[in-house]
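Have a look at the structure below, then the notes.
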Amino acid sequence: MSFIPHTKEDIKEMLEVIGVKSIDELFSDIPKALKPQSFNIPYGKSEFQVTQALHNLSLKNSTGLVNFVGAGFYDHFIPASVDAIVSRSEFYTAYTPYQPECSQGWLQAIYEYQSIICQLTGLDVSNASLYDGGTALFEAMMMAIRQTGRNKIIIDSGVNLIYRTMLYTYTSNLSVEFVEIPVVHGQSSRGELFKCVDDKTAAVILQNPNFFGAIDDYGDVVSRVHKFGALAIASVYPVSLGMLKTPGEMGFDIATGEGQSLGIPLSFGGPYLGFMSVRKELVRQMPGRIVGATVDSDGKKGFVLTLQTREQHIRRQHATSNICSNEALCALRAAVFVSLLGKDGLKELAEHNYQKAEFAKEQLACLQGVEVKRSSPTFNEFTILLPRNADKVVQQMIEKGFACGFPLGRFYKGMDNYLLIAVTEKRTQEEILKFVASLKEVLAC
Amino acid sequence: MSFIPHTKEDIKEMLEVIGVKSIDELFSDIPKALKPQSFNIPYGKSEFQVTQALHNLSLKNSTGLVNFVGAGFYDHFIPASVDAIVSRSEFYTAYTPYQPECSQGWLQAIYEYQSIICQLTGLDVSNASLYDGGTALFEAMMMAIRQTGRNKIIIDSGVNLIYRTMLYTYTSNLSVEFVEIPVVHGQSSRGELFKCVDDKTAAVILQNPNFFGAIDDYGDVVSRVHKFGALAIASVYPVSLGMLKTPGEMGFDIATGEGQSLGIPLSFGGPYLGFMSVRKELVRQMPGRIVGATVDSDGKKGFVLTLQTREQHIRRQHATSNICSNEALCALRAAVFVSLLGKDGLKELAEHNYQKAEFAKEQLACLQGVEVKRSSPTFNEFTILLPRNADKVVQQMIEKGFACGFPLGRFYKGMDNYLLIAVTEKRTQEEILKFVASLKEVLAC
Amino acid sequence: MLIFEKHKEGRRGFSYGVLDVAASKALPAKYCRAAAACLPCLSELDVVRHYTNLSRLNFSVDTNFYPLGSCTMKYNPKFTEKVAGFDGFSQLHPLLPQLSGGGALAQGSLEVLYEAEKLLCEITGMSAFTLQPMAGAHGELTGVMLIAAYHKDKGSRRKYIIVPDSSHGTNPSSATIAGYEVKVIPTGADGYMDLVEYEKQLTADVAAVMLTCPDTLGIFNPKIKEITDMAHKVGALMYYDGANLNAMLGKCRPGDIGFDVVHLNLHKTFATPHGGGGPGAGPVGVSAGLVEFLPISRVILRGDGTYALNYNYPKSIGYIAPFYGNFGVILKAYAYILLLGKEGLIRAAEIAVLNANYCQAKLKNYYDLAFDKKCMHECVFSAMRQVKNGVHALDIAKYLIDKGYHPPTIYFPLIVKEALMIEPTETESKETIDAFVDTMIEIARLAVENPLLVKQAPVSMPIKRLDEVRAARQPDLCWKP
Amino acid sequence: MLIFEKHKEGRRGFSYGVLDVAASKALPAKYCRAAAACLPCLSELDVVRHYTNLSRLNFSVDTNFYPLGSCTMKYNPKFTEKVAGFDGFSQLHPLLPQLSGGGALAQGSLEVLYEAEKLLCEITGMSAFTLQPMAGAHGELTGVMLIAAYHKDKGSRRKYIIVPDSSHGTNPSSATIAGYEVKVIPTGADGYMDLVEYEKQLTADVAAVMLTCPDTLGIFNPKIKEITDMAHKVGALMYYDGANLNAMLGKCRPGDIGFDVVHLNLHKTFATPHGGGGPGAGPVGVSAGLVEFLPISRVILRGDGTYALNYNYPKSIGYIAPFYGNFGVILKAYAYILLLGKEGLIRAAEIAVLNANYCQAKLKNYYDLAFDKKCMHECVFSAMRQVKNGVHALDIAKYLIDKGYHPPTIYFPLIVKEALMIEPTETESKETIDAFVDTMIEIARLAVENPLLVKQAPVSMPIKRLDEVRAARQPDLCWKP
Ligand SMILES: Cc1ncc(COP(=O)(O)O)c(C=O)c1O
Ligand SMILES: Cc1ncc(COP(=O)(O)O)c(C=O)c1O
């Protein structure tokens with residue numbers, strides 16, 4: 001099956017117009033020597049065959065487990081209306097709204113998305129989306145380096161290790177000096193941090209809640225950072241912003257994060273949504289597309305892509321970023337999701353996550369040999385210390401039908417017995433109790 | 001969860017405008033005595049809870065069986081683009097296009113559907129859809145009775161018993177005389193038929209392919225029927241019309257049928273699609289909505305509901321039918337499905353059904369003790385005679401993962417050992433061979 | 001441009017790929033169609049583009065306010081579409097549970113049917129339901145057949161069915177098709193059915209009285225119980241057209257009033273999409289005395305907790321549908337009821353009635369009310385005041401289209417001259433209704449100041465008003481090659 | 001109207017229902033936001049209506065011809081959306097296979113990744129792929145980092161990357177962000193990269209040469225092999241920007257030409273939807289010498305036939321994405337490749353090139369060709385002839401909008417004055433292209449006879465031309481309470 005409408009006659013007529021005898025002639029600029037040495041692709045199949053085959057493959061993934069794994073990527077419910085909207089042809093089969101007059105729907109939707117991100121993070125301006133939370137953090141760091149002309153980056157080890165690893169990868173060929181701040185009792189060590197901040201510091205990067213689920217108020221850090229003319233960058237979890245103090249309230253200059261929790265399916269790692277918002281002074285350093293409101297020749301309000309002189313298609317090697325295609329459709333998901341929930345719905349969502357996690361904590365705390373880490377408050381994820389290696393426990397729990405959490409030993413030396421547990425609004429009391437009971441059994445034997 | 005936008009303030013303001021103190025006051029016309037004696041409905045749930053609960057219920061149905069059951073309702077593949085089109089809000093959340101200016105999309109789509117049905121059946125005019133194949137057949141019969149002023153209906157027992165039963169039900173309070181023609185060697189007995197047709201006959205009703213899957217050429221019957229001034233009504237299977245002689249070609253006056261095979265999911269029995277097409281002389285007797293082309297005040301082509309003087313909302317007790325809501329969205333499915341396949345695709349579909357059924361026949365014929373009925377050609381369904389009661393065989397085959405066919409004993413006395421087997425384009429050679437092998441095993445023990 | 005006019009010989013939009021079995025000899029020519037059907041050949045993109053662009057020419061609930069009276073065009077929740085699409089439901093062959101040993105294959109769907117029936121019984125106060133009727137009118141026909149079976153069983157031969165002149169066309173039509181003659185009762189000056197005439201017509205050979213309640217004027221008749229009792233006194237049964245049940249949810253149940261047969265429109269009251277005309281579902285509920293006549297099959301719950309199809313009802317009228325009704329529609333309505341729950345259903349009725357009365361209150365100074373009463377879920381105006389300036393209900397409807405509103409139902413009920421029947425439904429906000437009302441008021445003003453402007457509408461649509469006479473006089477009902 | 005302006009305090013569009021666990025004490029205030037975010041409160045219907053109506057303001061492939069050069073706006077098959085929606089794929093948590101014993105939980109997705117990589121290798125002639133880059137530009141950055149890692153490993157310190165002046169902006173930008181300086185080679189009068197200048201710039205400290213092939217003029221450079229060999233001679237690597245691969249499928253493979261690093265745009269060549277700007281996917285393929293540097297994780301097939309994630313590549317550059325790339329997009333592209341198969345992919349390239357040349361042939365008498373040559377998948381015109389009458393590429397674009405066409409890419413490549421870059425793609429029919437061409441010819445005529453008419457366009461859209469200067473000078477970038 002192919003999607004080509006051309007009949008033999010069509011092709012004949014078109015070749016005549018072009019003035020060539022055959023389609024091959026159109027490829028005559030390709031030297032014989034460069035013809036493919038092989039092209040062993042299986043022959044085409046019917047829609048039924050491919051759909052069937054891939055449906056069978058999908059059944060080889062087990063999504064039946066009751067999920068308590070988060071680690072920055074969460075199993076939230078997605079209202080059906082979100083899917084309905086993003087499957088509108090006029091949204092998903094369009095491309096970047098370069099031509100505003102025939103793209104007002106997209107442009108307004110992105111403007112609304114930007115506004116929502118600003119509201120969530122408490123900052124002034126947002127861009128139209130970046131690839132994911134990790135690349136967004138990288139872009140934020142580069143902004144700080146450009147803005148300050150410095151190259152020392154202080155990063156808390158409570159920042160998701162996946163993201164830290166990405167930063168190291170992206171900068172391996174650049175001269176950036178990283179200092180990692182240890183986490184003490186689940187929180188960023190102020191002592192260490194304050195020691196390191198100096199006038200060579202371009203930015204301090206923190207995460208809230210941090211990777212261990214711990215909530216912090218970084219206000220003190222931020223003011224210290226600003227004293228030295230450095231920027232403060234926060235990586236945040238948007239659902240938590242239905243409850244937690246915002247980056248804006250803490251004084252951060254830049255907020256970034258992974259938007260997956262806002263109506264985007266887990267989908268085995270992507271497509272996701274990198275968001276970024278900044279103080280307005282930084283807008284011309286911001287990467288990515290930005291939509292702005294303006295008026296048409298009749299004075300009627302409309303929306304356009306703006307401040308494009310930051311971007312690669314105009315500034316080329318001098319652009320603030322190389323990003324071109326972004327994650328617009330995921331940004332639309334986030335906009336629809338948040339609009340649907342509204343102010344009160346988002347609060348409720350955060351509340352349910354917080355309360356269910358607290359409930360799970362209490363239940364787990366009753367388990368023999370299990371220590372729930374409570375040195376600092378948490379949102380919907382927390383760490384527990386097990387009497388033995390978490391890996392094995394995880395394995396046994398899988399057999400009982402639970403993805404029971406993320407073993408911290410995988411990322412942190414000396415934490416082999418630690419388990420990171422996420423509890424979202426989807427987890428019912430019944431599931432949580434069964435989960436605790438099963439864990440009890442596993443630890444018993 | 002409810003879908004009500006009203007805030008307390010809204011309600012307060014609105015009550016003031018209306019001039020009542022409370023919402024209850026609006027219901028004061030309902031006598032106290034008539035307040036509900038009970039209203040024990042469970043309390044509301046969240047979208048997540050209901051979706052989850054119903055998803056679990058759906059898993060209690062087993063759709064995993066390899067399906068060889070047809071009996072008038074077939075397991076055909078539905079291209080994804082058909083679902084994409086019918087899930088356009090502007091189609092499925094609209095209602096009957098009473099207001100043509102804001103419904104041209106629907107009206108043109110129905111006009112195209114009507115045209116497709118005419119092309120498939122070889123008749124002049126089609127309506128906008130009826131409920132299902134059975135009610136369509138009832139409407140056709142009533143048309144004949146009105147048209148001829150007679151009340152004797154000759155019906156072949158090769159017509160799906162489900163539909164015959166429906167006709168008997170609908171007419172139980174009317175004075176209609178039915179004569180059933182026996183099926184001999186799987187086909188309608190000409191002898192019997194010709195004996196019964198007379199000048200009291202309103203119509204003769206036949207099915208092609210008949211319930212046993214047998215294909216017939218009813219040309220001879222039709223001309224005989226017409227001699228006596230009666231009408232000839234055919235109930236047909238649209239997919240087969242990609243290959244078979246059409247009702248029009250055989251001279252039938254009315255064709256009806258079940259449109260489910262044209263891109264409509266089996267969905268446990270509905271919603272389906274009743275279609276009907278007739279010779280143009282009969283159009284004013286036709287039930288249901290009809291779309292016609294016309295021009296607007298600028299002479300521009302457009303579409304409207306027409307010939308409405310046949311219909312209940314105008315003619316009331318004198319209408320040709322009581323139908324109001326029909327199966328428009330299913331008709332749209334059929335139109336998109338057929339448009340997508342086009343002339344050649346429909347031919348191909350019919351060809352694949354025919355050939356795969358023939359292949360299955362050959363394989364089954366090799367089985368010890370299995371007799372494949374071949375007295376007449378078949379399309380994609382055929383009957384086999386088993387050495388023992390088909391019910392038990394069906395049961396054993398289910399355990400092997402096959403819905404192996406429909407046991408005719410359920411509908412026809414003395415046919416307890418007969419099995420009706422349907423083979424659609426979805427059945428692969430591998431499945432057919434496995435099916436035959438399993439049947440062999442079952443019959444062996 | 002018609003899709004047929006986009007045809008290009010040899011183009012393919014879909015292919016089934018290569019046949020994976022050895023082809024046997026072809027079917028003898030005498031059984032084959034002489035020429036292939038003239039069906040359009042287009043690419044998949046062109047088919048998708050054609051129908052996608054067609055869809056954009058329609059108004060719909062998701063894009064426009066749609067106060068089409070008597071049709072209850074409330075919001076159709078998206079999650080019900082998702083639920084109906086679950087493979088386990090959408091791909092189930094209806095005959096599976098009829099195979100011996102097949103009952104186990106459809107427990108999920110049978111449970112849906114069983115539970116949905118129970119809920120509808122409680123909502124209406126009826127003893128049992130058949131979910132098989134595929135629309136309201138189909139429910140009416142089924143209901144009248146049940147009535148006939150009931151009387152036949154009692155050995156009483158009755159030939160009339162009474163309907164008020166305000167009734168929906170399907171009522172008298174269904175009665176006729178079921179073999180009855182129709183007696184029509186006029187509506188009195190007070191907007192209620194004329195009880196004197198009713199009593200006169202209510203003879204011993206009346207099989208049933210078909211009423212809509214609230215009636216098609218959107219009015220609840222306080223004498224409904226008396227009307228019911230009178231009918232019962234002469235042995236006639238009471239039929240409840242449930243098209244307007246949305247106003248009654250948790251407020252009043254036909255069963256408690258004494259109705260014997262009830263049909264519901266799941267596509268109205270229970271929010272399943274209207275799909276451009278259908279599919280709908282028109283379940284029929286009956287009182288205890290009529291249960292034995294319900295169509296087969298019926299779903300029963302067995303002692304072992306499993307569900308089964310039961311055909312063993314000797315007095316059943318038989319089959320009115322091939323299987324169990326429009327399952328996909330019933331499923332969506334079931335999901336909707338579970339979601340709203342008791343409080344949600346009651347709230348729906350309350351706000352639907354609030355919206356209608358609000359609309360009526362705001363417009364009554366500008367348009368003539370058919371009958372100046374409190375209304376239920378819809379209000380009915382007459383454009384007679386505007387007609388004085390030559391502006392008819394139709395013109396008002398067309399002007400509304402230009403303003404982005406789907407018009408109300410017009411010219412129904414027939415007893416109201418130039419009727420405008422407005423049903424906002426509970427899912428529309430005060431802001432939406434206010435904006436609509438303002439437009440209606442503007443039209444009333446224009447009808448006086450600039451009637452021509454209204455009569456020229458619509459001007460903003462791809463087409464202007466269409467020549468319906470020509471359409472009927474010179475029928476062009478299908479494309480010809 | 002902004003959705004924020006439709007806000008009504010207290011309205012709910014979605015509710016999570018009652019909390020089913022005992023609520024514990026609230027979080028200390030110091031950790032909580034002082035005020036709730038000002039988010040719009042609307043009913044579900046109003047949210048759905050808002051965004052549905054917004055969607056109707058966009059042009060899209062499903063509704064309009066969209067010949068946006070360099071973006072390959074081909075038809076996005078619907079079945080791929082369905083496939084990506086299967087629960088087994090869409091609901092899988094990416095960390096599951098990273099749990100001990102979790103590998104078994106994701107065999108289906110791992111197989112998709114493994115098989116997709118194999119197919120892309122065969123299509124491009126490269127040795128291995130990483131599927132992690134989330135768009136083309138991300139692929140470029142990844143590719144350049146691989147190049148840097150390669151040279152570092154060889155102990156050679158190089159600081160330049162060469163790009164032609166016709167290159168896409170992302171190329172020089174990606175090079176810079178990866179830490180290189182950019183050398184730009186001009187395009188000669190013949191439309192090819194100036195080889196003399198190229199040789200001059202191709203010094204021993206050049207790390208790589210980034211080329212698009214066919215280039216952004218839609219032209220295949222017959223000297224591509226020489227260019228590649230020259231680079232290799234000085235130890236520089238060759239980077240292939242695969243944005244234009246659609247023209248090359250089965251016709252010429254970058255690997256066979258000698259390219260060392262290749263990025264693809266699955267959302268172009270492999271028909272995944274552009275989603276209004278993304279998500280896309282930009283897998284990067286490398287030649288044998290660079291495989292060891294690819295990002296981790298990588299999917300391997302084990303002896304027992306199971307798939308696993310392997311992190312054990314000591315020379316890997318590390319993590320460039322959190323997981324395995326935009327899996328949902330990769331899956332759609334994989335489904336597309338399986339459906340088309342070998343013959344389908346080749347046919348796609350052939351017809352894409354046929355359509356572009358047909359377009360070029362029909363328009364070359366009316367518009368100046370940037371370079372009068374056979375083109376590949378797209379043709380590039382200049383509106384300079386029309387500019388003489390004051391009609392610019394932008395004006396032509398706007399007039400096309402009035403006629404229902406999405407404009408071609410304009411003002412790119414930058415080296416072509418008043419560029420109009422037209423890429424029809426293979427899924428558009430001759431009829432569609434003919435109609436588009438006729439409109440373009442009409443515009444050429446109007447540019448002479450009635451330029452004002454063109455300069456006023458668009459007049460048929462909800463808005464006229466927008467004031468972009470004002471947008472940039474007085475940025476209004478988000479709604480404020
Ligand atoms: C009062 C009334 N009764 C009956 C019907 C018929 O219902 P259906 O269209 O579902 O057949 C309608 C539909 O509009 C109606 O409004
Ligand atoms: C030639 C070329 N290179 C690179 C890119 C960047 O690809 P993406 O938008 O996927 O980042 C594009 C996109 O338009 C392109 O046309």
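Reminder, nothing fancy here: chain letters follow the sequence lines and each chain counts from 1. No hydrogens, no waters, no symmetry mates; every other heavy atom, side chains included, goes into these values. Source: prediction; values computed, not measured.
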Review point. Is any side-chain N of the basic residue among B:Glu351 and B:Lys347 closer than 4.0 Å to the acidic one's carboxylate O?
Key: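 Salt bridge: no.
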Under 4.5 Å heavy-atom distance to chain B, tell me which part of [X] shows up: side chain, backbone, both or neither.
X       : value
D:Phe79 : both
D:Glu81 : neither
D:Asp20 : neither

Answer yes or no: is there a side-chain heavy-atom contact under 4.5 Å between D:Tyr405 and D:Thr439?
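Contact flag for D:Tyr405/D:Thr439 side chains = yes.
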message = Classify the ring geometry of B:His76 against B:Tyr74: parallel below 30°, tilted from 30° to 60°, perpendicular beyond 60°.
response =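 Judged by the thresholds at 30° and 60°, the geometry between B:His76 and B:Tyr74 is tilted.
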* Asked: Between B:Glu90 and chain D, which part of the residue has a heavy atom less than 4.5 Å away: side chain, backbone, both or neither?
  ->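 The side chain, not the backbone.
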Worksheet entry | Between D:Lys74 and D:Tyr336: side-chain donor-acceptor atoms closer than 3.5 Å |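 Short answer, yes.
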